[in-house]
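See below for the structure under consideration.
Atoms within each ligand, like the ligands themselves, are counted from 1 in listed order.
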Amino acid sequence: MLAFLNEELAALKKAGLYRELRLIDPRTHKIFCSNDYLGLSKHPPVIQAAIDAAKEHGAGAGASRLISGNSPLHEALEKKIAAFERREAALLFSTGFMANLGAITALADEPDTVIIDRLDHASIIDACRLSKAKLQVYPHKDLAALEKTLKRSAKFRRRLIVTDTVFSMDGDLAPLAGLSRLAKEYDALLMTDDAHATGVIKFDNPADIVMGTLSKAVGSLGGFVAGSRELIDYLCNKARSFIYSTALPPTVCAASLVALEIIEAQPELRQKLWANIRLLSPKAESAIMPLVIGDADKTMALSAQLFERGFFVSGIRPPTVPAGESRLRITITAAHTEEEVKCLATLLRELTPAAARLT
Ligand SMILES: Cc1ncc(COP(=O)(O)O)c(C=O)c1O
């Protein structure tokens, strides 16, 4: 009866698309594919905050926020996030994936349309599908195509535009000013997914709904939505991934609180990150640098060659990226040393002509 499992797995192997978990030892390999952009997951005060919170509040929250899982740490973190994002209020979710799922399904239903960039994150796509709203996709960053879609969408009760701010597999930036102008002109809501921007890029976000995650530059775990007080009260009542899921452990809240304080108080961390980014690529727009190889097998072979030389850069294949666009997704962090980044640059130039595209 379960023969289809083996058939599907064999097909994935044949196509070079089979995924396997790996254990990477940071003592033997320099990791260049983590989203811990500021190195805060290993920062001693962040770790200490988690330890102290575990001693005081225990290891888990015990229930969802609306039952008995709420704590002063959750509320303090939401207040901190709201201030950080310069919004009235914020709501925590257990992951960024769940923040997208909860917000989009609460804001859009059958009479509505959600309009998204072709390269938006999987969690946005899944949320749109689950919402029952009409899903419309515009070509990557194509404002003219988006405008055409908006013109055709007057019949929908609500129009929700959702975009990654930093695209997770390409590292490029959404045209936020243009998106905001169109949203206003066509009476649409604009939601941004700031997962790879928070703590990395300082910018004025024009979105009505700001989604972010604490799992990348903030160094721990959890998602959030920030916006007006009404938006947050609405999500607290309607977002199913918030209502029906256990609250984040207090340890995670405490770590994130301290991490956000460090991001604000120590701009030199972000400066170090950008200095490292510039060492590898003068034209990068974020900490994510794709090296598109094309073929999935060739991409994985290159990743393996780097691994043999002590560098872990994961290969990204379909369906995460479109067919024929397999790539190494290189990420830089503030925790890398100048020497490590330079070493990787030299090695990449040795191993693939594609490295020339970084400069
Ligand atoms: C753009 C984007 N949105 C959302 C998520 C989901 O965030 P999390 O890992 O916190 O669930 C990710 C990360 O995988 C992401 O890259």
Between side-chain atoms of residues 2-24 and protein atoms elsewhere (two or more places apart, or another chain), which donor-acceptor pairs fall under 3.5 Å?
{"residue": "Arg19", "atom": "NH2", "partner": "Thr320", "partner atom": "OG1", "Å": "3.0"}

Quiz: residues 220-231 side-chain donor-acceptor pairs under 3.5 angstrom, not counting sequence neighbours:
{"residue": "Ser220", "atom": "OG", "partner": "Ser256", "partner atom": "OG", "Å": "2.7"}
{"residue": "Ser228", "atom": "OG", "partner": "Glu230", "partner atom": "OE1", "Å": "3.4"}
{"residue": "Ser228", "atom": "OG", "partner": "Leu231", "partner atom": "N", "Å": "3.1"}
{"residue": "Arg229", "atom": "NE", "partner": "Asp233", "partner atom": "OD1", "Å": "3.3"}
{"residue": "Arg229", "atom": "NH2", "partner": "Asp233", "partner atom": "OD1", "Å": "3.0"}

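Listed by chain and number, residues touching ligand 1 at under 4.0 Å (heavy atoms only) are Thr95, Gly96, Phe97, Asn100, His121, Ser123, Asp164, Ser168, Asp193, Ala195, His196, Thr213, Ser215, Lys216.
Within a 6.0 Å radius of CD in Glu185, more than 12 heavy atoms belonging to other residues, nucleotides or ligands are found.
A salt bridge links Arg65 and Glu78; the closest N-O separation between the charged side-chain nitrogens and carboxylate oxygens is under 4.0 Å.
Under the 30°/60° scheme for interplanar angles, the aromatic rings of Phe32 and His336 are found to lie parallel.
Residues that satisfy the ring-ring contact (aromatic ring centres under 6.0 Å, His included) test with Tyr186, not counting sequence neighbours, are absent from this structure.
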